[in-house]
Structure formats: C-alpha cells, structure tokens
Engineer: 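My questions will all concern the structure given below.
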Amino acid sequence: MANFSKSQVPQFSVEVYQNEFLPEGGREVNAIVTVTSTGGGTTGGIPLADAAPAYGAGQGPGAAVVLMVDCSGSMDYPPTKMRNARDATAAAIDTLREGTQFAVVAGTHVAKDVYPGNGRLAVADVQTKAQAKEALRKLSAGGGTAIGTWLRLADRLLNSADVAIRHGILLTDGRNEHESPEDLRAALDSCAGRFTCDARGVGTDWEVKEVTGIAAALLGTADIVADPAGLAADFTHMMENAMGKEVADVALRLWTPVGVEIRFVKQVAPTVADLTARRTEANARAGDYPTGSWGDESRDYHVCVLVPEAGIGQEMLAARVSLILPDPSGAGTPQTLSQGLVRAVWTDDMVASTSINPQVAHYTGQAELAQVIQQGLDARKSGDFDGATAKLGRAVQLASASGNQDTAKLLSKVVDVVDAATGTVRLKAKVAEADEMTLETRSTKTVRVKK
C-alpha cells in the first residue's frame with residue numbers, strides 16, 4: 001500500500017516501441033507506448049526540489065471512497081449473499097488508510113447513504129471504522145435495482161471532498177431493472193471524469209455488459225465473484241489498490257502534425273480499453289485521452305495514426321505522446337510528466353519496412369483475442385454454434401500463441417480444445433453459467449509481451 005510522503009512525488013516515464021520504417025506509399029504507423037509510474041513513497045520518490053509536485057507543495061494525495069452495496073430483494077437469495085456482502089464491505093473498511101474520507105451507500109431502487117449519513121463523508125479512524133461496521137450490520141435486503149441513482153449519490157458525496165483521489169466500489173447481484181438503460185448511461189456520462197469506480201457482480205444473475213460498462217465508463221476494474229464467500233478477499237484487494245493510488249486525472253495527450261489522422265488510441269495492458277472516442281481537444285493539434293488514477297504501476301497503450309505519403313528517405317514526427325497532469329485549480333498550465341515520440345521513416349529496404357515490432361504484433365493479437373471471445377459468446381447465446389466455434393477457436397489459438405494462460409484456462413471451460421495451435425475446438429454441450437460469465441467478464445485481461 002502506498003504511503004505518500006510530503007517530500008516525494010511519483011515519477012512517470014514513457015517508452016515508445018515501434019517499427020518506424022514504412023515502404024514507399026506506406027501510411028499506417030503503429031506504436032506501443034509503455035507508461036510507468038514509480039516512487040510515490042513505495043519505490044523511492046524524487047525530492048520536490050528536483051520535480052514539480054503533483055499536488056502542490058506539502059500536499060499529500062488525499063482520498064475519498066464510497067462503497068455502494070446492493071441491498072435489493074434478490075440479495076436475500078440465498079441469505080448468505082447479504083451476509084457475505086456486509087462482511088466484504090467491513091473488510092474493505094478495515095483496509096482504509098487512516099485519514100481517508102469515506103461513506104457507505106445502500107443501493108436499491110433508490111440510494112441511501114447509511115454511513116455517516118446526511119450527505120457527509122466520515123474520516124477513517126478506529127472509531128469511525130467501528131461505527132461504519134455497526135451500520136453495515138443493520139443492512140437488510142428489499143426493493144429493486146437502479147444503479148444510476150447509486151452512482152449519482154456517490155458522485156455528490158465524493159464531490160464534497162477536497163482530495164486528489166475519488167473512488168467508488170460498487171457491488172451488485174442483479175440486473176438494473178428499475179431504471180432505463182438511458183438513465184444509467186446518463187448517470188455514467190455525468191460521473192465520468194469525476195471519480196473512478198470498480199464494479200463487481202456477485203453470483204450469476206447480473207448482466208455482464210452492464211457491470212463491465214460501468215467500470216469502463218469510470219476507468220475502473222470489473223470482475224465476477226461467482227461464490228459470495230470470495231467477496232471479502234476481493235473487496236480487501238480492491239481497497240488496497242484504491243489506497244495505493246497517488247495521482248488522479250492523468251491524461252495521455254497525443255499531438256499530431258498537420259495531415260496526420262488518428263485511427264485509434266487503446267489501452268492494451270493490463271486490460272483492453274478503447275479510448276479513441278473519449279478524446280477531449282487540448283488545442284488545435286492535440287487531444288487528451290483519460291487514464292484515471294495511478295499508483296506504482298505500468299500500463300501499455302497502442303497508438304495508430306495515418307501519415308501523408310512521402311518519398312524514400314523522407315522522415316517525419318508522426319505523433320508526440322505526453323503524460324499530462326492538469327493544474328488542480330483548473331487555472332494554471334498543465335504539468336507534463338513525461339513524453340515520447342512516434343516517428344515515420346520511408347525506406348526501400350523491404351526487410352526493414354515489412355518487419356512488425358514484437359510489442360505491436362503481440363497487442364494486436366491481444367485486442368483481437370478480447371474481440372473474438374465476445375463475438376463467440378454472443379454467437380453461442382444466439383444459437384449460431386458454427387460461428388461460436390470459429391470465433392472461440394480463434395480465441396484459443398491467440399491465447400495459446402501469446403501465452404495468455406489465464407484466458408486459455410477460462411476458454412477450456414467453454415470449449416473442448418482439440419488443437420490449440422490451429423484453434424480446433426468443439427463447443428461443450430453443457431457450460432456452467434458462472435464459467436461463461438467469468439470468461440466474458442475477464443475477456444479484456446491481457447498479458448504483457450514475453451521477454
């Protein structure tokens with residue numbers, strides 16, 4: 001768990017991996033951008049004298065967390081589910097760093113802040129943690145599910161805190177049946193960029209695309225906890241990660257010269273997330289893509305641009321990638337944490353221009369892996385078993401080739417693998433619902449390039 005010191009700030013680095021060589025007439029430039037954050041108190045920070053502070057001199061990151069617990073009627077079936085949810089939330093509260101502001105929201109067809117109440121946040125210490133756990137013991141199941149109302153209340157509570165890190169943890173066991181999809185989308189649009197949120201589905205009666213959609217919109221993680229007995233360990237791990245975040249609202253800024261088109265910007269590790277449509281314009285030639293909160297960690301991004309055609313021997317800067325931290329007041333100049341360059345060089349050397357960078361090749365395969373799993377499962381649900389077999393067979397082939405063993409194991413619970421190298425599989429006649437939902441929920445998890 002990161003313990004941010006007043007004398008340290010996290011240090012960001014950007015590394016660019018690409019084959020910059022293009023054949024005559026070539027236009028597409030691909031690069032993998034590895035962003036690493038270190039030293040916010042856990043691996044040796046840099047003195048404030050040597051770097052601009054991320055929060056302003058003498059400020060720690062500060063954090064506020066809202067835990068949203070599904071208390072709808074279905075949480076009573078079986079009764080152990082509600083008890084496990086209470087125990088998991090208590091375990092997460094125990095993991096809160098002293099001084100963190102927090103609240104607990106009970107979610108049904110309405111949202112209620114059950115601790116500390118009255119639209120306030122408590123400050124974590126021995127006493128408030130004990131009070132919060134006492135409030136949890138009084139939670140009971142009853143009512144419907146309207147997740148958008150939970151998120152809007154969490155947003156109001158978090159927005160009342162003058163902190164750098166705002167985070168939500170959301171647990172649901174059912175479908176969002178008491179508000180329209182448009183209401184949930186409006187709530188997500190309203191909350192996006194204001195706080196991050198990890199979402200968990202417990203049991204097998206919830207909708208995967210709803211839960212993963214919440215996490216994607218709010219730059220958090222999504223997962224299934226098929227057995228409610230596993231909730232406490234999962235919640236503890238989630239809260240430890242939240243407490244390790246040190247910098248919020250970091251943006252990946254992409255500057256491109258006149259004539260360059262952006263095809264896409266995707267996060268490709270540790271999970272696949274397409275950020276292309278989330279661009280906000282920074283100036284005439286640059287746009288910002290949100291990356292959320294950072295602790296000591298490393299992530300990979302795939303940037304693809306189209307450059308104007310040029311002759312042999314010509315070269316150009318295709319893009320400049322920067323890590324940007326906005327001024328907390330909103331008035332000052334954003335801080336550039338690190339940057340890297342994407343180049344294009346035209347050559348008549350066929351070997352140079354046709355070679356694919358290993359990182360680019362690997363993550364192109366990982367993005368395809370996530371896509372074909374989703375397509376295969378959708379085809380299976382719709383009764384298109386030939387299409388499902390083809391897509392999931394391709395998924396097995398990609399998982400095997402890239403060494404993504406976790407995904408390969410999940411796929412083996414849905415298909416019988418005849419030959420992983422060729423992607424020859426047979427659909428299993430009977431598949432446990434939890435296994436299918438786990439594969440769908442975790443389909444975007446990737447592995448890094450094998451060294």
Side-chain angles (χ1 to χ4, degrees), residues 65-90 92-93 102-121 132 134-160 166-192 194-218 220 222-226 228 231 235 238 437 441:
V65 181
V66 173
L67 297 117
M68 292 162 272
V69 186
D70 191 337
C71 293
S72 61
S74 56
M75 287 292 287
D76 246 351
Y77 301 97
T80 51
K81 197 190 291 183
M82 191 72 224
R83 186 175 73 241
N84 287 134
R86 287 194 295 262
D87 291 346
T89 307
I93 288 168
F102 76 103
V104 179
V105 167
T108 59
H109 53 284
V110 294
K112 182 180 180 186
D113 49 331
V114 293
Y115 183 81
N118 298 321
R120 296 174 296 116
L121 293 165
E134 183 59 36
L136 284 174
R137 281 190 273 273
K138 299 173 184 173
L139 292 184
S140 58
T145 305
I147 295 174
T149 65
W150 315 354
L151 293 167
R152 288 185 186 276
L153 176 55
D155 183 35
R156 289 196 297 274
L157 291 165
L158 291 167
N159 197 47
S160 69
R166 295 181 176 88
H167 193 79
I169 289 178
L170 184 148
L171 172 72
T172 184
D173 82 320
R175 293 170 176 82
N176 197 45
E177 294 174 335
H178 291 80
E179 67 181 356
S180 69
E182 292 75 22
D183 286 340
L184 177 57
R185 171 48 54 192
L188 290 170
D189 289 345
S190 171
C191 296
R194 293 167 63 83
F195 66 96
T196 55
C197 184
D198 294 324
R200 294 293 184 268
V202 60
T204 56
D205 293 330
W206 49 280
E207 183 63 49
V208 172
K209 287 180 173 60
E210 277 181 358
V211 170
T212 55
I214 290 165
L218 302 181
D223 207 351
I224 178 174
V225 186
L231 276 174
F235 265 45
M238 262 196 297
M437 291 177 70
T441 305

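Just so it is clear, the values below take in all heavy atoms, side chains as well, and ignore hydrogens, waters and symmetry mates. Everything numeric here is computed off the predicted structure, so don't read it as measured data.
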Engineer: For Y115, which residues count as a ring pair (Phe, Tyr, Trp, His ring centres under 6.0 Å) partner, sequence neighbours excluded?
Structural biologist: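 Applying ring pair (Phe, Tyr, Trp, His ring centres under 6.0 Å) to Y115 gives F102.
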
Engineer: Mind checking side-chain hydrogen bond (donor to acceptor under 3.5 Å, both in side chains) for K112 and listing every partner two or more places apart, or none if nothing turns up?
Structural biologist: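 Not a single residue meets the side-chain hydrogen bond (donor to acceptor under 3.5 Å, both in side chains) criterion with K112.
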
Engineer: When rounded to the nearest 0.5 angstrom, what is the spacing between OG1 in T204 and CG in D173?
Structural biologist: 9.5 Å

Engineer: Determine, stepwise, if the pair N159 / R156 fulfils side-chain contact (heavy atoms from CB on, under 4.5 Å).
Structural biologist: CA-CA 5 Å; N159 197 47; R156 289 196 297 274; 5.9 Å; no

Engineer: Would you call S180 and D183 a side-chain contact if the rule is heavy atoms closer than 4.5 Å?
Structural biologist: yes

Engineer: Can you tell me if D155 uses its side chain to pair, donor with acceptor, with the backbone of C191 under 3.5 Å?
Structural biologist: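 Checking the backbone N and O of C191 against the side chain of D155, no donor-acceptor pair under 3.5 Å is found.
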
Engineer: In plain terms, say whether E134 and R137 are close enough for a salt bridge, that is, a side-chain N and a carboxylate O under 4.0 Å apart.
Structural biologist: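 Salt bridge flag = yes for R137 with E134.
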
Engineer: Look at the side chain of D113 and the backbone N and O of G119, then say whether any donor-acceptor pair between them is shorter than 3.5 Å.
Structural biologist: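 Confirmed, D113 side chain pairs with G119 backbone.
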
Engineer: With a 4.5 Å cut-off on side-chain heavy atoms, are L139 and M82 touching?
Structural biologist: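 Yes; the side chains approach each other to less than 4.5 Å.
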
Engineer: Tell me the closest heavy-atom pair linking A215 and A222, and the distance in Å.
Structural biologist: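 Shortest heavy-atom separation between A215 and A222 comes out as CB-CB, 3.7 Å.
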
Engineer: Does the side chain of D198 reach to within under 4.5 Å of the side chain of H167, using non-hydrogen atoms?
Structural biologist: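 Touching, per the 4.5 Å side-chain cut-off.
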
Engineer: Would you indicate whether the side-chain heavy atoms of R83 and T80 approach each other to under 4.5 Å?
Structural biologist: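 Sidechains of R83 and T80: in contact.
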
Engineer: Does any part of the side chain of V208, heavy atoms only, come nearer than 4.5 Å to the side chain of M437, both counted from C-beta?
Structural biologist: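 Yes, at least one pair of side-chain atoms sits under 4.5 Å.
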
Engineer: Going from OG1 on T145 to CD on E207, what distance comes out if it is rounded to the nearest 0.5 angstrom?
Structural biologist: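 If we round to the nearest 0.5 Å, T145:OG1 and E207:CD are 13.0 Å apart.
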
Engineer: I'd like to check D70 versus V202 (side-chain heavy atoms, cut-off strictly below 4.5 Å). Are they in contact?
Structural biologist: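 No; the side chains remain at least 4.5 Å from each other.
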
Engineer: I'd like to check S140 versus M75 (side-chain heavy atoms, cut-off strictly below 4.5 Å). Are they in contact?
Structural biologist: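 No. Closest side-chain heavy atoms not under 4.5 Å.
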
Engineer: Does W150 use its side chain to pair, donor to acceptor, with the backbone of T108 at less than 3.5 Å?
Structural biologist: yes

Engineer: Any side-chain heavy-atom pair from D87 and F235 closer than 4.5 angstrom?
Structural biologist: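 Of all side-chain heavy-atom pairs linking F235 with D87, none is under 4.5 Å.
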
Engineer: Output, in order, the C-alpha distance, side-chain angles, deciding distance and verdict of side-chain contact (heavy atoms from CB on, under 4.5 Å) for L218 and L151.
Structural biologist: CA-CA 10 Å; L218 302 181; L151 293 167; 4.0 Å; yes

Engineer: What is the minimum heavy-atom distance between M68 and C197, and which atoms define it?
Structural biologist: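 Shortest heavy-atom contact: CE-SG, 4.0 Å.
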
Engineer: Check the pair I93, V104 against side-chain contact (heavy atoms from CB on, under 4.5 Å), reporting the backbone distance first and the verdict last.
Structural biologist: CA-CA 9 Å; I93 288 168; V104 179; 4.0 Å; yes

Engineer: Return the OG1 to CD distance between T172 and E210, rounded to the nearest 0.5 Å.
Structural biologist: 8.0 Å

Engineer: Looking at every non-hydrogen atom in both residues, tell me the closest pair between V66 and A154 and how far apart they are.
Structural biologist: CG1-CB, 3.9 Å

Engineer: Closest approach of D223 and W206, non-hydrogen atoms and distance?
Structural biologist: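 Result for this residue pair: O-CH2, 4.3 Å.
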
Engineer: Give a yes or no answer on whether the side chain of T89 reaches the backbone of A85 with a donor-acceptor pair at less than 3.5 Å.
Structural biologist: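 Looks like yes, one N/O pair under 3.5 Å.
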
Engineer: Scan L157, L67, V114 and name whichever one has a side-chain contact (heavy atoms from CB on, under 4.5 Å) with V105.
Structural biologist: L157

Engineer: To the nearest 0.5 Å, how far apart are CD1 in I147 and CD1 in I214?
Structural biologist: 4.5 Å

Engineer: Would you name the heavy atoms of L121 and A103 that are closest together and state the gap between them?
Structural biologist: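 So the minimum-distance heavy-atom pair works out to CD2-CB, 3.7 Å.
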
Engineer: Could you pull out the closest heavy-atom pair between A141 and S72, with the gap in Å?
Structural biologist: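 Smallest heavy-atom distance, with atoms named: CB-O, 3.3 Å.
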
